[in-house]
Amino acid sequence: MNNLATAIGLVLGLVVGLFAAATDIAVADSLIQGVAPLGTLFINAIRMVVIPLVVTTIFVGVARLGNPRTVGKLGGSALGFFWGTTIPAIVIGITFMKTALDIWPASVQAGTPDEGPPVVPGLLDFLLGLIPANPFAAASEGALLALIVFTILVAAAAGALGDERRERLVTLAEDISAVFVKLIHWILWTAPVGVFGLTAPVIARLGFGLLPSLFVFVSTVVIGLFVFTAVFYLLPARFVGGKGIGDFIRGVVGTYTIGFSTTSSVASLPVMFKDADKLGVSPPVASLVLSLGAAINRAGSALFQGAALVLLAAISGVSLSATTLLSAGMVGLVVAMSVAPVPSASIVTLAPILETAGVPLTGLGILLGIDRIPDMFRSATNTTGHVACAVVVEGLVGGDVTEPDRATAERGRA
């Protein structure tokens with residue numbers, strides 16, 4: 001995706017939308033109506049791809065773990081850290097954004113396509129709906145949470161198969177995922193036009209009211225990421241990993257910088273290995289934890305998505321009940337840990353979360369246009385979290401891994 005071109009599309013959409021909102025010129029209104037289908041086509045293209053992309057990515061991530069009994073202490077400790085930090089990240093994103101909008105309310109978009117939020121089931125109906133009686137019907141009806149649960153169960157069963165069968169299934173799912181990754185790359189190259197087609201009509205309805213909300217959103221996400229890092233990365237590294245806060249911060253400067261500049265966990269892996277070694281993480285722990293983290297740990301992305309859900313719901317006038325937030329949060333937990341390797345994946349994979357909450361997808365184009373700054377901060381947070389997890393796991397079970405290796409080496413020398 002061309003970030004500069006996308007930003008230009010956003011700016012043009014803002015200019016045209018503000019011009020239409022501030023004047024009664026018929027030509028401007030006609031232009032707004034004419035470009036709106038471009039945004040609709042762009043959103044439909046994303047919706048077409050994102051569900052099979054998320055499903056195949058989740059399948060690969062879960063099935064790759066193999067039989068859960070064989071994951072062992074290292075994998076179990078790392079997964080516990082990832083899940084245990086992703087959940088509060090979602091809560092922080094939602095809570096901080098709700099608080100920010102209470103102080104600076106967002107302008108509500110008039111005339112949204114949706115009538116309002118869907119009928120919210122009770123807690124019992126919600127729990128019963130997690131297991132689909134017919135997964136194909138769930139897919140056709142857009143029951144995304146049930147579809148994700150079905151995918152996780154199938155992937156877990158595949159992971160318990162023999163190595164040969166499991167690898168065949170995982171390879172097939174990876175190939176299918178690669179096809180959709182390529183397709184989403186093509187779609188995102190049309191983002192400048194799509195963002196323009198989405199932004200101009202929204203701004204024409206909201207006027208200048210949306211601009212402060214976007215500033216509040218970006219500021220809230222950045223502040224939330226720093227608070228989250230301090231509480232859920234620095235403190236565990238200090239009290240579980242045994243590393244001083246100052247020592248840990250100095251130790252991850254390289255990781256944070258590379259993650260910030262490249263917005264990629266995979267590209268940051270070489271630096272992460274060096275920083276983990278400087279922080280005293282043993283090679284067996286670093287090898288497994290950092291590689292696993294680069295694949296599935298996206299707490300920063302989860303925080304961003306929680307905040308984005310609240311913002312887009314507020315703009316669209318959709319009320320988020322506790323049950324809606326719970327179901328959307330569960331989808332966000334799984335989606336955040338299976339974010340596909342595509343540009344602005346945290347926005348692309350917002351679609352299942354928004355659809356679960358009954359929030360229109362029209363705001364995705366606006367977020368794509370301003371995503372560069374949040375993307376840098378959340379990527380840096382993600383990479384810092386990988387190293388923090390390695391330090392914590394080293395403090396928990398590192399000795400159990402390294403001591404047998406030392407004993408084997410000593411027997412060999414004898």
Side-chain angles (χ1 to χ4, degrees), residues 1-53 106-115 142 180-211 213-214 217 308-309 311-313 315-318 340 342-355 358-372 374-375:
M1 184 178 73
N2 190 326
N3 290 314
L4 177 59
T6 303
I8 292 174
L10 174 67
V11 172
L12 289 176
L14 291 173
V15 171
V16 172
L18 290 174
F19 181 75
T23 64
D24 293 326
I25 300 177
V27 174
D29 294 335
S30 299
L31 178 61
I32 292 296
Q33 295 176 4
V35 301
L38 299 176
T40 302
L41 287 174
F42 180 65
I43 288 298
N44 287 346
I46 290 180
R47 296 177 71 173
M48 174 184 69
V49 176
V50 72
I51 299 304
L53 176 63
S107 297
V108 178
Q109 180 177 337
T112 50
D114 290 22
E115 295 293 330
F180 288 110
V181 167
K182 176 62 70 173
L183 184 54
I184 200 71
H185 272 280
W186 292 350
I187 293 170
L188 288 177
W189 271 107
T190 69
V193 176
V195 167
F196 174 72
L198 288 168
T199 305
V202 172
I203 296 298
R205 285 190 289 267
L206 295 179
F208 289 89
L210 183 60
L211 300 183
S213 297
L214 294 179
F217 171 72
L309 169 64
L311 173 71
L312 297 183
I315 291 174
S316 303
V318 175
V342 298
S344 295
S346 296
I347 293 179
V348 173
T349 52
L350 256 175
I353 302 171
L354 296 179
E355 291 187 329
V359 178
L361 304 185
T362 51
L364 293 182
I366 299 173
L367 295 184
L368 277 171
I370 63 169
D371 186 50
R372 184 59 184 173
D375 193 14

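On a predicted model such as this, the values are computed, not experimentally measured, just so you know. FYI, the numbering just counts along the sequence from 1.
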For Phe217, check ring-ring contact (aromatic ring centres under 6.0 Å, His included) against everything at least two apart and list the hits. Phe304
Looking at every non-hydrogen atom in both residues, tell me the closest pair between [X] and [Y] and how far apart they are.
X: Gly197; Y: Leu38; answer: CA-CB, 4.3 Å
X: Ala200; Y: Val35; answer: CB-CG2, 4.2 Å
X: Val359; Y: Ser316; answer: CG1-OG, 4.3 Å
X: Leu350; Y: Ala308; answer: CD1-CB, 3.6 Å

Start with the C-alpha distance between Phe42 and Val193, add both sets of side-chain angles, then the distance that settles side chain to side chain contact (heavy atoms under 4.5 Å, CB included), and finish with yes or no. CA-CA 8 Å; Phe42 180 65; Val193 176; over 6 Å; no
[X] versus [Y]: any side-chain heavy-atom pair under 4.5 Å?
X: Leu367; Y: Pro374; result: no
X: Leu311; Y: Ser213; result: yes
X: Leu41; Y: Thr190; result: no

Rounded to the nearest 0.5 Å, what separates atom CD1 in Ile370 from atom CG in Asp375?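 These two atoms lie 11.5 Å from each other.
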Please report, to 0.1 Å, the donor-acceptor pairs under 3.5 Å made by any side chain of residues 9-17, with sequence neighbours excluded.
none

